[in-house]
Amino acid sequence: MAADPLAHPPEPDESASGVEADIDGTPVRLILLDPPTEAVTTDKNEMTLLLAHSAGHLTASLTALEEENRVVDRGCLLQSRNNVASIAAHFPGSGEYRLAVSADLLGDGVYTQVMEYFITATVPQREPPREFPATFLQSHNCYIYTPQSGRVAPTWTPFVVEALAELVGVAVLSGDDLVYLQQRPGHPTHWVGRVRLQPGPVKVSSNIDRTHFEVFGLQAVE
């Protein structure tokens with residue numbers, strides 16, 4: 001199971017950068033926890049950033065600035081719990097990147113950019129781009145531990161999803177098979193199971209009031 005960077009988030013230090021703004025009458029406050037600044041340098045292909053926020057649902061996008069501002073498709077995964085967000089980002093090669101964070105301030109599905117990181121990656125070698133799972137509006141009610149890749153093999157695959165709201169269940173749809181995950185004993189908010197994936201789209205959905213809402217999207221490929 002993937003490590004949980006939100007299990008024990010760091011306290012903000014005195015040097016931490018922050019954003020406080022009033023956007024269309026909605027106050028927004030963000031504090032950068034790790035790293036504590038918007039300007040970041042890394043020598044790794046992947047890193048996780050943490051920030052505290054007062055906004056509602058957040059989303060993020062990664063742009064390669066030296067490649068004509070090309071958006072890196074599914075190049076990052078933002079998940080949030082208790083007003084702390086983690087953003088896992090993958091850098092295929094060395095260069096300058098912008099990681100923009102947007103918020104659904106009014107809860108109407110309209111996102112407004114609230115801050116951005118500027119990241120210099122000096123990675124030892126170029127890697128194929130990693131695709132993270134796609135996220136949707138309802139995904140802020142769930143946290144996916146496994147898998148955290150948007151492209152998985154069509155085989156038996158373990159799923160671990162934490163529900164941050166009262167749910168009837170969490171299900172995985174692959175092909176014509178709809179498989180419900182089971183609550184982990186002693187952890188009523190954790191839903192687990194192994195699912196035999198078929199080639200093609202894979203949808204992870206939450207069941208709220210007998211209605212399924214897609215929260216994460218993956219692709220099962222040979």
Side-chain angles (χ1 to χ4, degrees), residues 2-65 69 71-91 95-121 123 130-145 148 150 161-165 189 215-216:
D4 181 5
L6 299 180
H8 304 286
E11 294 291 333
D13 61 32
E14 295 180 354
S15 65
S17 297
V19 176
E20 292 192 30
D22 187 293
I23 302 177
D24 295 332
T26 301
V28 178
R29 185 169 185 262
L30 302 100
I31 300 176
L32 311 188
L33 300 178
D34 185 22
T37 177
E38 297 102 324
V40 183
T41 299
T42 180
D43 60 358
K44 298 180 174 59
N45 286 93
E46 194 164 307
M47 71 179 302
T48 298
L49 305 97
L50 299 177
L51 70 151
H53 66 92
S54 65
H57 185 221
L58 302 179
T59 188
S61 63
L62 184 67
T63 301
L65 298 179
N69 292 326
V71 175
V72 182
D73 187 34
R74 297 192 187 184
C76 56
L77 173 64
L78 187 152
Q79 303 200 83
S80 186
R81 185 195 298 123
N82 298 325
N83 291 329
V84 177
S86 71
I87 311 171
H90 182 266
F91 315 108
E96 303 290 330
Y97 295 85
R98 180 177 67 241
L99 183 63
V101 179
S102 300
D104 179 14
L105 299 173
L106 302 178
D108 57 1
V110 177
Y111 288 84
T112 302
Q113 182 174 314
V114 291
M115 69 157 297
E116 55 190 0
Y117 292 92
F118 290 94
I119 302 169
T120 301
V123 301
R130 170 181 174 178
E131 291 186 13
F132 290 97
T135 59
F136 301 91
L137 181 60
Q138 290 291 332
S139 65
H140 69 284
N141 289 325
C142 294
Y143 186 99
I144 188 166
Y145 290 98
Q148 285 197 358
V161 178
E162 182 180 6
L164 307 181
T189 62
V215 288
F216 301 107

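Taking CD of E96 as the reference point, atom OG1 of T120 lies at 3.5 Å (rounded to 0.5 Å). In this structure, CD1 on I119 lies 10.5 Å from OG1 on T63, to the nearest 0.5 angstrom. In this structure, the separation between SG on C142 and CD on E162 is 9.0 Å, given to the nearest 0.5 Å. To the nearest 0.5 Å, atom CG of residue L49 and atom CG of residue L78 are 10.0 Å apart. The structure places OG1 of T41 at 9.0 Å from CE of M47, a figure rounded to the nearest 0.5 Å. To the nearest 0.5 Å, the span separating CZ on R81 from OG on S86 amounts to 8.0 Å.
Residues T135 and I144 form no side-chain contact, since every pair of their non-hydrogen atoms from C-beta on lies 4.5 Å or further apart. Within the 4.5 Å cutoff, the side chain of F91 has heavy atoms near those of the L62 side chain.
Applying the side chain to side chain contact (heavy atoms under 4.5 Å, CB included) test to V123 and every residue at least two apart in sequence or in another chain returns N45, S94, A121. Listed by chain and number, the residues in a ring pair (Phe, Tyr, Trp, His ring centres under 6.0 Å) with F216 amount to none (sequence neighbours excluded). T59 is linked by a side chain to side chain contact (heavy atoms under 4.5 Å, CB included) to S102, Y111, counting only residues two or more places apart in sequence or in another chain.
Of all the heavy atoms in Q148 and Q79, the pair that sits closest is NE2-NE2, 3.6 Å. Here the closest heavy-atom approach between residue H53 and residue S80 is recorded as NE2-OG, 2.9 Å. Considering every non-hydrogen atom in both A39 and T37, the closest pair reads O-CG2, 3.1 Å. When all heavy atoms of H90 and E46 are compared, the pair lying nearest together is CD2-OE1, 3.6 Å.
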side-chain contact (heavy atoms from CB on, under 4.5 Å), that's the test. Do M115 and L32 meet it? Break it down for me. CA-CA 10 Å; M115 69 157 297; L32 311 188; 3.6 Å; yes

When you look at Y97 and T42, which way does the side-chain contact (heavy atoms from CB on, under 4.5 Å) test go after all the steps? CA-CA 11 Å; Y97 295 85; T42 180; over 6 Å; no

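For N82, the CG atom sits in a loose shell: 12 or fewer heavy atoms of surrounding residues, nucleotides or ligands are nearer than 6.0 Å.
In this structure, Q113 contributes its side chain and A100 its backbone to no donor-acceptor pair below 3.5 Å.
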